[in-house]
Q: 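Structure in structure tokens, see below.
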There are 2 protein chains.
Amino acid sequence: MLLDDQLCFGLYSASRAVTGLYRRLLEPLGLTYPQYLVMLVLWDRGAVPVGQLAEALQLDYGTLSPLLKRLEAQGAVRRVRRPEDERSVLVELTEDGVAMREDARGIPTAVGRAMGLTRDELAETRAVLARLTGSVAAVLATPADG
Amino acid sequence: MLLDDQLCFGLYSASRAVTGLYRRLLEPLGLTYPQYLVMLVLWDRGAVPVGQLAEALQLDYGTLSPLLKRLEAQGAVRRVRRPEDERSVLVELTEDGVAMREDARGIPTAVGRAMGLTRDELAETRAVLARLTGSVAAVLATPADG
DNA sequence: AGCGTTTAGATTGTGCACGATGAAATCGCG
DNA sequence: CGCGATTTCATCGTGCACAATCTAAACGCT
């Protein structure tokens, strides 16, 4: 029942440390880490509805709506209601948002370097964490006990 | 530059999934995950000053002060200024706080099961993440570039 | 003793993260 | 066609997480 014996705390610490690293790397771009994740999806896929962002990032509207509002306020994205379905809001990059991609080019490798892991360790850990996330999500998906 | 290719996103997702699992497990105790981490330290060490909690959890006063205030409001801990150094605040368990330990007994194994990893994978991942956290922290400790 | 410095902690402001609720548009079924 | 159900998104409230600022107590140096 000790703190450092539990993987959870390691996970929690590592996640916060990495977020802190992104904070420094993204500060020149004026982005936070979750905002950067949204930009990654948009750079890859182009315009997507809010719901697809929510699914890709596993975040709910309560988190994404104000986040997208801030991204829009700073001119990185635009939100447009889709004419063929007025419920849906399409999030698309502005020119500034497209241009940001250049400024963010070096970030993934910088983060990779800072982590100080071998290529194999990176891949292995990524795979294990994906399995872990899936397993935990499955447990959480069962309504009552777990 | 894809989302799922990056360990960071795996880390971020896994951390949030595990926190969600704790949310469910801790709900009967009326604790959040960070509050539970504080309780773990107190159950292990007894009364400690706020600064030691901050160091153990790698959180700053801005996070801990209100968190401890809430823990005190619900009767799990007490905060007492130390007479021999009035700057320092000692956080100690109340009787209710001590008693909570019993209710929390099953949580670590429940989490371990939900993660669905082998004992070796758990240990290995914990070790890799500790190294990663240290490496990132070292980079962040260097003032400007990284 | 006097006074600047350091230390321990609290407070404030911003931005996630999530549960709960609400509102509008669309769909489906009789 | 009418109307309840579903889908899509926004809003609100609570609780982290962190940077910046502030306060008060203790320390150190002359």
Side-chain angles (χ1 to χ4, degrees), chain A residues 9 12-24 26-27 29-38 48-55 57-74 76-77 79-91 137 140 143, chain B residues 9 12-24 26-27 29-38 48-55 57-74 76-77 79-91 137 140 143:
Chain A
F9 182 65
Y12 170 71
S13 297
S15 178
R16 277 174 33 236
V18 170
T19 300
L21 177 59
Y22 274 105
R23 194 187 323 284
R24 175 175 301 180
L26 291 172
E27 195 258 334
L29 295 181
L31 292 177
T32 66
Y33 179 54
Q35 288 169 7
Y36 169 71
L37 293 179
V38 168
V48 296
V50 180
Q52 273 189 37
L53 283 174
E55 194 193 344
L57 306 180
Q58 291 297 307
L59 290 170
D60 64 4
Y61 293 106
T63 300
L64 277 176
S65 283
L67 188 156
L68 293 172
K69 210 168 175 177
R70 285 185 288 268
L71 270 183
E72 185 171 41
Q74 78 178 75
V77 307
R79 288 181 300 169
V80 292
R81 289 224 168 252
R82 233 193 300 191
E84 69 269 27
D85 185 345
E86 288 278 340
R87 293 171 302 180
S88 180
V89 169
L90 213 60
V91 182
L140 282 175
Chain B
F9 183 65
Y12 171 70
S13 297
S15 178
R16 276 173 35 233
V18 169
T19 300
L21 177 59
Y22 274 107
R23 197 186 322 281
R24 174 177 298 180
L26 291 171
E27 195 258 335
L29 295 180
L31 292 177
T32 66
Y33 180 56
Q35 289 169 7
Y36 169 72
L37 293 178
V38 168
V48 296
V50 178
Q52 273 190 37
L53 283 174
E55 195 193 343
L57 306 181
Q58 291 297 308
L59 290 170
D60 65 5
Y61 293 106
T63 301
L64 277 176
S65 283
L67 187 157
L68 294 171
K69 212 167 175 179
R70 286 184 288 267
L71 270 183
E72 184 170 41
Q74 78 178 75
V77 308
R79 288 181 301 168
V80 292
R81 288 226 167 251
R82 232 193 300 191
E84 67 269 28
D85 187 343
E86 289 277 339
R87 292 171 304 180
S88 180
V89 169
L90 213 60
V91 183
L140 282 175

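Proteins come first, then strands; the chains are lettered A, B, ... in the order of their sequence lines, and each starts at number 1.
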Q: Send over the distance from A/Q35 CD to C/dT14 P, rounded to a whole Å.
A: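 Value for this atom pair: 14 Å.
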Q: Any idea how B/Y33 and A/Y12 line up, ring-wise: parallel (<30°), tilted (30 to 60°), or perpendicular (>60°)?
A: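 Correct class here is perpendicular.
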Q: What's the shortest heavy-atom distance between A/R24 and B/L140, and which atoms?
A: NH2-O, 2.8 Å
Q: Would you mind reading off the distance between A/L53 atom CG and C/dC16 atom P, rounded to a whole angstrom?
A: 14 Å
Q: At their closest point, which heavy atom of B/L64 faces which heavy atom of B/L53, and how far apart are they?
A: CD1-C, 3.8 Å
Q: Can you tell me if the side-chain N/O atoms of A/R82 get under 4.0 Å from OP1 or OP2 in C/dA25?
A: no
Q: For B/Q58 and A/S13, indicate whether the former's side chain and the latter's backbone hold a donor-acceptor pair under 3.5 Å.
A: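 No, the answer is negative, given that no donor and acceptor are paired below the 3.5 Å cut-off.
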Q: At under 4.0 Å between heavy atoms, what does B/G62 touch on the DNA or RNA strands: base, sugar-phosphate, or nothing?
A: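 It contacts base atoms.
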Q: Any side-chain N or O of A/S88 under 4.0 Å from OP1/OP2 of C/dA25?
A: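 For C/dA25, OP1/OP2 do not have a side-chain N/O of A/S88 under 4.0 Å.
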Q: Looking only at heavy atoms, which two atoms of B/L31 and B/Y36 are closest? And how far apart?
A: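 Closest heavy-atom pair between B/L31 and B/Y36: CD1-CA, 4.3 Å.
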Q: Quick one: A/E86 CD to C/dA23 P, roughly how many Å, whole number?
A: 19 Å
Q: Write down the distance between OH (A/Y33) and P (C/dG15), rounded to a whole number of angstrom.
A: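 For the pair A/Y33 OH and C/dG15 P, the rounded distance is 19 Å.
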Q: Select from A/E84 and A/Y61 the residue whose nearest nucleotide in DNA chain C is closer to the 5' end of that strand.
A: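 First, find each residue's nearest nucleotide; the 5'-ward one identifies A/Y61.
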Q: If you take all heavy atoms of B/L29 and B/Q74, which pair is closest and at what distance?
A: O-NE2, 4.1 Å
Q: Please give, in whole Å, the distance from C/dG15 P to A/L31 CG?
A: 12 Å
Q: Walk along DNA chain D from 5' to 3' and tell me the first and last nucleotide with an atom closer than 4.0 Å to a non-hydrogen atom of chain A.
A: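 Endpoints of the contacted stretch of DNA chain D: D/dT7 to D/dC18.
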Q: Please tell me which of the listed nucleotides, C/dA24, C/dC16, C/dA10, lies nearest to the side chain of A/R87?
A: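 Of C/dA24, C/dC16, C/dA10, C/dA24 is nearest to the side chain of A/R87.
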Q: Show the nearest heavy-atom pair for residues A/K69 and A/R79, with the distance to one decimal.
A: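 Looks like CG-NH2, 3.5 Å.
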Q: Quick check on DNA chain D: between A/L68 and B/P34, whose nearest nucleotide comes earlier from the 5' end?
A: A/L68
Q: For C/dT11 and B/K69 - does any side-chain N or O of the residue sit under 4.0 Å from the phosphate oxygens OP1/OP2?
A: yes
Q: When the distance from CG of A/D60 to P of C/dT21 is rounded to whole Å, what number comes out?
A: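 In whole Å, C/dT21 P lies 15 Å from A/D60 CG.
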Q: Mind checking A/T32 for me? I need base, sugar-phosphate or nothing, with any heavy atom below 4.0 Å counting as a touch.
A: sugar-phosphate
Q: Classify A/L59 by what it touches in the nucleic acid, base, sugar-phosphate, or nothing, heavy-atom distance under 4.0 Å.
A: sugar-phosphate
Q: Nearest of C/dG15, C/dT6, C/dC18 to any side-chain atom of A/T63?
A: C/dC18
